[in-house]
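Here's the structure, in structure tokens; my notes come after.
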Amino acid sequence: MLEVKDLQVNYGAIRALKGISFKVERGSIVTLIGSNGAGKTTTLKAICGLVKAKAGRIFLNGEEITNKSTNEIVSRKVTMVPEGRRIFPNLTVQENLLVGAFQRKDKDGIKQDMEWVFELFPRLKERINQKGGTLSGGEQQMLAIARALMSKPDLLMLDEPSLGLAPIIVEELFQVIGQIHQEGKTILLIEQNAYAALNIADYGYVLETGQIVLHGTGKELLDNEKVRQAYLGG
Amino acid sequence: MSWTLFLQHLANGIALGFVFGLVAIGYTLVYGVVKLVNFAHGDIFMMACFFVYYGITLFSFPWWLSFVFAVFLTALLGISIEKVAYKPLRDAPRISSLCSAIGMSFLLENFATVVFGGRQKAFYQPQVLNKTLNIGEIRIQLVTIVTIVVSIAALLFLNYLVYKTKMGLAMRALSHDFDTARLMGINVDRTITFTFAVGSSLAAISAIFWALRYPQIWPFMGVFPGWRAFTAAIIGGVGSIKGAMTGGFLIGMISIMLVAFLPDLAGYRDAFIFMMLVFVLLFRPTGLFGEA
Ligand SMILES: Nc1ncnc2c1ncn2[C@@H]1O[C@H](COP(=O)(O)OP(=O)(O)O)[C@@H](O)[C@H]1O
Ligand SMILES: [Mg+2]
């Protein structure tokens, strides 16, 4: 579904991505793990057209989308839950969800999907008219995911959804991510919380200073000695 | 001072408050969405008056058509200014677009001086609007009432746009986060264009009512109304429509009531207005309705 080939991104003199390649098959959960500053967020931003690729190519269902505008890319049913949630604090929960569905015209479909995300996250329904900024961190993350789902994506990309959340909420969150996957979405999950991510993922890539240093199935990486030492605390 | 006289002044204060409020909303909308103080806004206000003037003198439009024509042309002017002077600087440091805005203000003033001439011109006064109504003992000019009614209609429409339409949703989303708005599939350029169109149309509407009240127009006529409206926007809290309206009312009232009750001090009107600004900012640095 998604294929990234030799992707390079620079911020001025900083080489954030030094040529990475990976694939996300339709219907799978793929994870990209790595410590702070490895280039995970940059990878997602490049896929969404929020930063320009210096070299390399990105394909979506065989069609090249490298350096297309964000608008064109999201209209191809790709969406991202940005790092730090970035919900709209001045809009209500309902309005946040409607912004998520901004490009859709099918009113009935939007209504159905709103019911669906409320099933996934019942707590959001209770807070439907509350301003986004008044939600707790966990609720904001749920809203961010729900908002992304409202665009009816085929490919859902999540940037460190567990960041700053209590362990019990993280567990709940990963359960829902699994549920979303079972409903047919392809997921590219970015995490520092390597254990949770690898557990849920079909395939994983390890990113270090702008390069992919390891890859394998979730299980292989969980058992890998290097991964255990560097990301799972030995 | 009798009650009737007071009510007459009150009506004038309200009408002038709407005029400042509508201009202030233009500042606040643009600031809210693109975080830019559009210093050319007062000059856009001035240009609207000249559009009316030339609609009538050059094209012999009836006055009402000329008013509508001016609102459209002013919206186009606002959109063009954004495209030419602000859009190329969107990713540049804030100070660059600020300088560009000030430059655009000077450009419009000098363009008007060269092309329209520096001397004052008389703004057309439609006969029908010049009538005076007697409500009991109170005498109110029809134009005052029309100002109030049209302004309320414009505000209701604005409220509908901002809170009930997709474009309004996009504007409110954009005001917080460009990149995330882009991720949601919002067309950022189109939303900004729309914002400038709305702000400039409101400036044109209030400019027309301003000129009906003070019927001399010239290239620098927008400077002080512009500053006062900008002050109104800050007093109310930049970014807040409600705030801009409230600030506009305060300033409209001060302007009228000072002349009415303390005519000796009328010359210090702007001093009072800016003193109020200082006081509000001392106690509420974000303005009356502003968010931190
Ligand atoms: N806007 C930016 N300007 C300059 N450097 C940046 C910018 N964003 C990220 N970087 C740098 O690029 C590298 C990768 O960052 P990022 O993709 O955010 O990493 P991660 O998401 O894995 O923590 C880091 O060295 C970071 O400092
Ligand atoms: Mg990151």
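Every chain is numbered from 1 and lettered A, B, ... according to where its sequence line falls, protein lines coming before strand lines. No experiment lies behind these values; they were computed from the predicted model shown.
With a 4.5 Å cut-off on non-hydrogen atoms, A:Arg104 touches chain B through its backbone but not through its side chain. Contacts between A:Leu98 and chain B at a heavy-atom distance below 4.5 Å involve backbone atoms as well as side-chain atoms.
Of all the heavy atoms in B:His176 and A:Phe88, the pair that sits closest is CB-CD2, 4.4 Å. Heavy-atom minimum distance, B:Met184 versus A:Arg147: CE-NE, 3.4 Å. Of all heavy-atom pairs between B:Gly185 and A:Val74, the closest is CA-CG2, 3.6 Å. Across every non-hydrogen atom of B:Asp179 and A:Arg86, the tightest pair is CB-NH2, 3.9 Å.
Under the 3.5 Å distance criterion, the side-chain polar atoms of B:Asn187 are left unmatched by any main-chain donor or acceptor of A:Asn71.
The environment of CZ in B:Phe283 is sparse: at most 12 heavy-atom neighbours from other residues, nucleotides or ligands sit within 6.0 Å. The local environment of NZ in A:Lys77 is crowded, with over 12 non-hydrogen atoms from other residues, nucleotides or ligands closer than 6.0 Å. Under a cut-off of 6.0 angstrom, the local environment of OH in B:Tyr160 is sparse, with at most 12 non-hydrogen atoms contributed by other residues, nucleotides or ligands. More than 12 heavy atoms of other residues, nucleotides or ligands sit less than 6.0 Å from atom NZ of A:Lys185. Counted within 6.0 Å of NZ on B:Lys166, heavy atoms from surrounding residues, nucleotides or ligands total more than 12; the atom is thus considered enclosed. The local environment of CH2 in A:Trp116 is crowded, with over 12 non-hydrogen atoms from other residues, nucleotides or ligands closer than 6.0 Å. Open room surrounds NZ on A:Lys23; 12 or fewer heavy atoms of other groups in view lie less than 6.0 Å from it. For B:Lys35, the NZ atom counts as densely surrounded, since its 6.0 Å shell holds more than 12 non-hydrogen atoms of other residues, nucleotides or ligands.
Here A:Ile73 contributes atom CD1 and B:Arg182 contributes atom CZ; the two are 12.0 Å apart, rounded to the nearest 0.5 Å.
Comparing A:Asn90, A:Thr79, A:Leu91 by heavy-atom pairs within less than 4.5 Å of chain B, the highest count is held by A:Asn90. Annotation: maximal heavy-atom pairing with chain B below 4.5 Å, among A:Ala101, A:Pro89, A:Ser75, A:Ala148, occurs at A:Pro89.
The shortest side-chain heavy-atom distance between B:Thr180 and A:Val99 does not fall under the 4.5 Å cut-off.
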